[in-house]
Amino acid sequence: MATHVADNERLERELAQLMEVEKFPPPEGFRERALIGDLSLHADAERDLEGFWARQAAELLDWNDEPERTLDESNAPFYKWFEGGRLNASYNCLDRHVEAGRGDKVAFHWRGEEGEERDITYAELHRDVKRFANALRARGIGKGDVVGIYLPMVPELPVAMLACARIGAPHTVVFGGFSPDAVRERMEFSDAKALVTIDGARRKGKTAPIKDAVDEKLADLSSIETVFVVEHTGVGCEMRDGRDVWFAAAIEAADEDCEPEELDSEHPLFVLYTSGSTAKPKGVLHTTAGYLVGVAFTHRYVFDLRPDSDVYWCAADVGWVTGHSYIVYAPLANGATSVIYEGAPDYPDKDIWWEIVERYRVTILYTAPTAIRACMKWGAEYPAAHDLSSLRLLGTVGEPINPKAWLWYHKVVGGERCPIVDTWWQTETGHILITTLPGAQEAKPGSAGTPLPGIAAAVVDEEGNEVADDEQGLLVLRRPWPGMLRTLYKDDDRFVETYYERFGKTTYLVGDAARKDADGYLWILGRVDDVINVSGHRLSTAEIESACVSHPKVAETAVIGQHDETTGQAICAFVTLEGDLEGSDELTAEIREHVAKRISKIARPQRIIWAGDLPKTRSGKIMRRLLRDIAEGRELGDVTTLRDPTVMQQLEGKVHERQASGGGD
Ligand code: WT7
């Protein structure tokens, strides 16, 4: 223990020194061996955008029919990519590797939470995908039918996704951490015809029933004709006659031959729901060819991927876009070997990640700043206890990384020999758009880097004019890119309104504030809309508010994201109660539980502040800016536009009282 303390003190000193360093060039020897050692790809794309993407499409994918045209901008913002092309995503992820004699290669090292290990080869994955695709067809599911998937990180998850892709049935995966209520809502919005789920899920040594909990909510949802159930924990569940089928039995009974559907480039691949500015989640629609070109291109060059020698690990959940793009589609399209880990980062102990890196000789690790900050808090002794010398490149995604966490990752995990790529993108963008090419560009801790080849990112003012260097503004994208969302599922109007109304139909509004420095590096400052980012999870304040007010004792609520050292932002809810009810610790717990049930545990307010009233403008709009000031203990900004300025004094009094009595909410 004493040596750990001494080591940690030394580490702190070394990190403090490194804080002075603003730029980190590619480490010694990396540039020489990198796939890309200069900015020639950027120059190519500048010269001829369509030619550039056409070349990538031809190089990265196998087509049934080559596209006739790269980009159709005639109906912006409803862009079309690779028109005339026909292909199949599962063919590109599986068949072509097996046909090329790489069937015995490991696609996934799957690691279960209790230490179980399963190496799944390309040939095995291929076989299961073909069989499950036939099982789907046997239940009447075909091209265009939506299939819901609600699974934890089990091998059946990528099997189900790729089987859908094989028959042209768009999948809609719901993150396993979301509640059955959220599943129901998403199934209803997307008119899903089938659902793939599981008997129970495991988390840190406990099991929770899933199928039975979901069933309660699905009862009257008539669109769902089939429920496939993976048997994982053996907790047991009811199976409804005629509707429910065991996943394993369905695969067992299915034929192994299954021709992939030849699909148009723009055939829907998946819908993924994400939080927006209103309570209703947005169904982001991605299509086949552009998405695959985008994810395969970025995975290859941003991670400098060598499919023959790398072991790649994206430690996200497949239920988020990061997992769709960089656990399933890109690594498989590129023929890589990856790790899939079912469990939590601190179970059975806080060194499990590093044990996995050592065990599988992981060479590329991709994770979120919040995870790095948690590891930092646990201490450097956990990574130090393992041999991490296999690592050669590190990546981060999901939120801005604070320089200290960047330096810790660089030093403690990367041993100062691994470049770090900070990758900026969104559910909507499908793939990475802003980062540094690890062999060609220097990294600046805290900055995501520069736009990738062909990406036209700009920082603009309210009128859409580019602002000067180092000035804050709104991040926009002024040219389309292959993996962009095509629309919001069944809601073209909301798509245009959300992304293309503010600055016109050719300028995509990102929703982030940013700054560009004199080297063209972008510094992302966070969301400008009512979306908050907790541990890299995107949540809508409106959705949480709507869950809070559905509690019978809550009259009104306003939710804000408050700065938090570990999670980036934390959820803070100002709650006005019905009648003259008084706030209490019990009620706090009740409301938190209520929100967990309606949305997810991750949406639970960390802090609840009882409010007699909420600060509103004369037109009745809640002024969240002031609530943020209160929550973060700042001097209040301008209150003159408030209908009733005394509301703020009362609120301030409450917060102080609470702090004085020592009560953290
Ligand atoms: C929002 C998108 C992309 C997969 C995970 C999140 C924030 C994302 C970064 C980064 C600073 C980032 C933005 C963005 N974000 N990556 N490298 N640096 N901020 O996907 O849930 O759709 O959230 O995450 O605010 O708009 P998402």
Side-chain angles (χ1 to χ4, degrees), residues 173 175 177-178 270-277 281-286 291 294-295 298-299 302 314-330 366-373 394-403 405-406 409 420-436 443-452 455 457 459 474-477 481 483-485 488 498-499 508-516 521-540 543 561 567-569 600 602-603:
V173 179
F175 168 55
F178 276 129
F270 66 83
V271 177
L272 184 60
Y273 285 88
T274 187
S275 302
S277 302
K282 302 187 289 194
V284 169
L285 177 80
H286 284 289
Y291 173 80
V295 297
T298 48
H299 184 249
V302 174
C314 168
D317 193 289
V318 171
W320 305 107
V321 75
T322 309
H324 279 60
S325 299
Y326 295 106
I327 297 179
V328 179
Y329 287 108
Y366 188 31
T367 186
T370 185
I372 299 163
R373 287 193 297 267
L394 304 173
T396 74
V397 59
E399 50 181 321
I401 187 165
N402 49 309
W406 194 102
Y409 198 30
I420 297 180
V421 287
D422 179 342
T423 63
W424 178 91
W425 56 298
Q426 307 178 293
T427 306
E428 292 89 337
T429 69
H431 51 84
I432 302 167
L433 296 189
I434 300 171
T435 187
T436 47
K444 300 187 188 186
S447 162
T450 66
L452 279 172
I455 305 304
V459 180
L474 300 168
L475 184 62
V476 294
L477 301 164
W481 62 98
M484 65 193 299
L485 80 165
L488 294 175
T498 309
Y499 307 104
Y508 172 91
L509 178 70
V510 163
D512 283 358
R515 222 172 32 225
K516 192 164 85 181
Y521 277 56
L522 287 151
W523 299 75
I524 310 293
L525 304 164
R527 303 284 311 187
V528 289
D529 51 12
D530 294 328
V531 169
I532 43 188
N533 189 330
V534 183
S535 300
H537 296 149
R538 180 165 153 182
L539 295 158
S540 145
E543 197 180 353
T567 58
Q569 283 187 300
S600 160
I602 52 180

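In listed order, ligands and their atoms are each counted from 1.
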message: Tell me whether Glu543 is salt-bridged to Lys282, with the criterion being a basic N under 4.0 Å from an acidic carboxylate O.
response: no
- prompt: Do you see a donor-acceptor pair shorter than 3.5 Å between the side chains of Thr367 and Tyr409?
  reply: no
task: Answer yes when Glu399 and Arg373 have at least one side-chain N-carboxylate O distance shorter than 4.0 Å, and no when they do not.
output: yes
message: Can you tell me how the ring of Phe270 sits relative to the ring of His286, calling it parallel under 30°, perpendicular over 60° and tilted otherwise?
response: tilted
field: Thr322 and Tyr366 side chains, donor-acceptor separation under 3.5 Å
entry: no
message: Is a donor from one side chain sitting under 3.5 angstrom from an acceptor on the other, for Trp424 and Asp512?
response: yes
- request: Non-hydrogen atoms closer than 4.0 Å to ligand 1: which protein residues do they belong to? List them by chain and number, please.
  value: Val321, Thr322, Val397, Gly398, Glu399, Pro400, Asp422, Thr423, Trp424, Trp425, Gln426, Thr427, Asp512, Ile524, Arg527, Asn533, Arg538
